[in-house]
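Read the structure below first, then the notes.
Computed from a predicted structure; not experimentally measured. Whatever order the structure lists them in is the order used to number ligands and atoms, beginning at 1.
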Amino acid sequence: MRLKDKIALITGSGSGIGEATAKTFAREGAAVVVVDMNEDGGNRVVSEIRKAGGTAEFLGADVGSTAEIERMIKFARDRFGRLDVLHNNAVFTTVGRIGEITLEGWQKTLDVGLTAYWYATKCALEVMLPKGKGAIVNTASVSGLAGDYTLGAYNAVKAGVVNITRVTGIEYARKGIRCNAVCPGPIGTPPLLRLEDARPDIVGRIREAIPMGRLGEPQEIANVVLFLASDEASFVTGAFFVADGGLWAHSGMPSLSGQGPEW
Ligand SMILES: NC(=O)c1ccc[n+]([C@@H]2O[C@H](COP(=O)([O-])OP(=O)(O)OC[C@H]3O[C@@H](n4cnc5c(N)ncnc54)[C@H](O)[C@@H]3O)[C@@H](O)[C@H]2O)c1
């Protein structure tokens with residue numbers, strides 16, 4: 001088991017990538033704190049983990065509030081005595097061109113997607129530093145490495161996540177704490193699957209833009225997070241890992257020979 005006896009907390013783990021990570025961590029021997037503002041999703045994930053023989057606790061919390069973040073770290077410490085792995089993963093996204101985004105939408109995107117990641121890291125460090133060991137994994141995105149139409153606030157947040165990952169990595173590198181990010185491309189989690197139901201044409205074009213010609217599976221991101229959280233990544237810190245079916249490797253330039261991905 002790759003996370004045997006570790007205590008791990010995952011935000012936004014009542015669905016999608018966080019859910020896959022929670023189940024993967026539990027299967028690999030970790031006790032998992034499932035944090036989500038969606039109580040039904042969080043409770044479902046915990047009961048599925050327990051049914052499979054794993055250890056998990058659910059905490060309903062909104063990571064858009066710093067007080068709730070303090071409560072979530074305290075919950076892990078009270079229940080399990082320490083925290084070995086923090087996976088910052090929850091998200092809120094406002095949609096609109098730069099000139100159309102509202103201040104409220106911008107602020108909430110930053111609160112949930114960036115301030116929460118920094119503040120949870122800050123609180124987790126208080127628990128990890130005395131032990132001289134810990135791993136933090138942040139869910140960034142290829143949207144943190146380049147721009148997307150109508151996702152300006154999300155692009156800013158994910159670029160910020162990539163860079164606070166670097167700073168956390170270098171600042172605590174000699175204290176036993178590693179911090180890394182995963183940058184998924186489009187993954188078949190509920191938000192994208194709902195979009196596919198409503199607008200199959202849009203998701204069809206997204207699939208076409210991915211060199212592998214398909215969406216990623218949540219498990220394919222959980223596998224990367226597992227590696228980064230585990231001791232196998234003992235010399236990896238301040239890094240980001242792209243898992244996107246080749247999307248980010250493409251410049252976006254159409255082929256000069258007129259050949260497409262089927263070539
Ligand atoms: N799905 C993709 O295509 C994709 C691509 C790149 C990056 N990501 C990133 O992956 C992460 C997970 O996304 P997903 O696709 O699994 O989404 P998802 O909607 O399936 O899961 C997100 C979970 O976060 C929870 N959440 C949202 N706001 C919260 C808050 N304030 N407090 C607590 N919980 C909250 C939701 O209730 C939900 O259960 C996000 O950081 C997202 O930006 C996703």
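Looking only at protein heavy atoms, the nearest one to atom 9 (C) of ligand 1 is Thr139 CG2, 3.5 Å. The nearest heavy-atom contact from the protein to atom 40 (C) of ligand 1 is Asn89 O, 3.1 Å. The single protein non-hydrogen atom nearest to atom 27 (C) of ligand 1 is Val91 O, 3.3 Å, given as residue, atom name and distance. Ranking the protein heavy atoms by distance from atom 22 (C) of ligand 1 puts Gly12 O, 4.1 Å first. The protein non-hydrogen atom at the shortest distance from atom 18 (P) of ligand 1 is Ser15 OG, 3.6 Å. Of all protein heavy atoms, the one closest to atom 15 (O) of ligand 1 is Thr189 OG1, 2.6 Å. Protein heavy atom closest to atom 33 (C) of ligand 1, with residue, atom name and distance, is Ala61 O, 3.1 Å. Remark: minimum distance from atom 31 (N) of ligand 1 to any protein heavy atom is reached at Asp62 OD1, 2.8 Å.
For ligand 1, the atoms closer than 4.0 angstrom to any heavy atom of Gly16 are 16 (O), 20 (O). Close contacts between ligand 1 and Pro190 involve ligand atoms 20 (O) [criterion: under 4.0 Å to a heavy atom]. Interface of Tyr117 with ligand 1, defined as ligand atoms under 4.0 Å from a residue heavy atom, comprises 41 (O).
Side chains of Lys23 and Glu48 form a contact here, defined as non-hydrogen atoms less than 4.5 Å apart. At a threshold of 4.5 Å between non-hydrogen side-chain atoms, the residues Val33 and Phe80 count as touching. Contact check for Glu19 versus Arg44: side-chain heavy atoms found under the 4.5 Å cut-off.
Here CD of Glu220 is found 11.0 Å from CG of Asp244. Values are rounded to the nearest 0.5 Å. Atom OG1 of Thr21 is separated from atom NE2 of His87 by 5.0 Å, given to the nearest 0.5 angstrom.
When only interatomic distances are considered, the shortest N/O to N/O separation between Val35 and ligand 1 does not fall below 3.5 Å. Ligand 1 has an N or O atom lying under 3.5 Å from an N or O atom of Met37, backbone or side chain. Close N/O approach between Ile17 and ligand 1 is found [any backbone or side-chain N/O within under 3.5 Å]. Taking distance alone, with nitrogen or oxygen atoms compared against 3.5 Å, Ser141 stays at or beyond that limit from ligand 1.
By the criterion of side-chain heavy atoms lying less than 4.5 angstrom apart, applied directly or through intervening Ile, Leu, Val, Met, Phe, Trp or Tyr residues, Val35 is not grouped with Ile17; the two fall into different hydrophobic clusters.
Tyr154 pairs in a side chain to side chain contact (heavy atoms under 4.5 Å, CB included) with only one of the listed residues (Ile101, Val95, Val91, Leu110), which is Val91.
Only the side chain of Tyr154 comes within 4.0 Å of ligand 1, counting heavy atoms alone; its backbone N, CA, C and O stay farther away. Residue Lys158 touches ligand 1 through its side chain alone, judged by heavy-atom distances below 4.0 Å. Using a 4.0 Å cut-off between heavy atoms, Ile187 contacts ligand 1 through both its backbone and its side chain.
The backbone N or O of Ile202 sits nowhere less than 3.5 Å from a side-chain atom of Arg207 that would complete a donor-acceptor pair.
With distances taken over non-hydrogen atoms, the option nearest atom 38 (C) of ligand 1 out of Ile221, Asp36, Asp111, Asn38 is Asp36. Which of Gly188, Gly185, Pro186 comes nearest to atom 5 (C) of ligand 1 through a heavy atom is settled by distance: it is Gly185.
Residue Ala140 places a heavy atom under 4.0 Å from ligand 1. Residue Val112 places a heavy atom less than 4.0 Å from ligand 1.
Remark: Arg205 does not engage Glu208 in a salt bridge, criterion side-chain N to carboxylate O under 4.0 Å. Checked for salt-bridge contact, Lys6 and Asp231 meet the test: a charged N lies under 4.0 Å from a carboxylate O. Salt-bridge formation is not detected for the pair Glu70/Lys122: no Lys NZ or Arg NE/NH1/NH2 atom is positioned less than 4.0 Å from an Asp or Glu carboxylate oxygen.
A 6.0 Å sphere centred on CD of Glu232 holds more than 12 heavy atoms belonging to other residues, nucleotides or ligands.
Ring geometry, Phe240 versus Trp248: the interplanar angle exceeds 60°, so the pair is classed perpendicular (tilted spans 30 to 60°).
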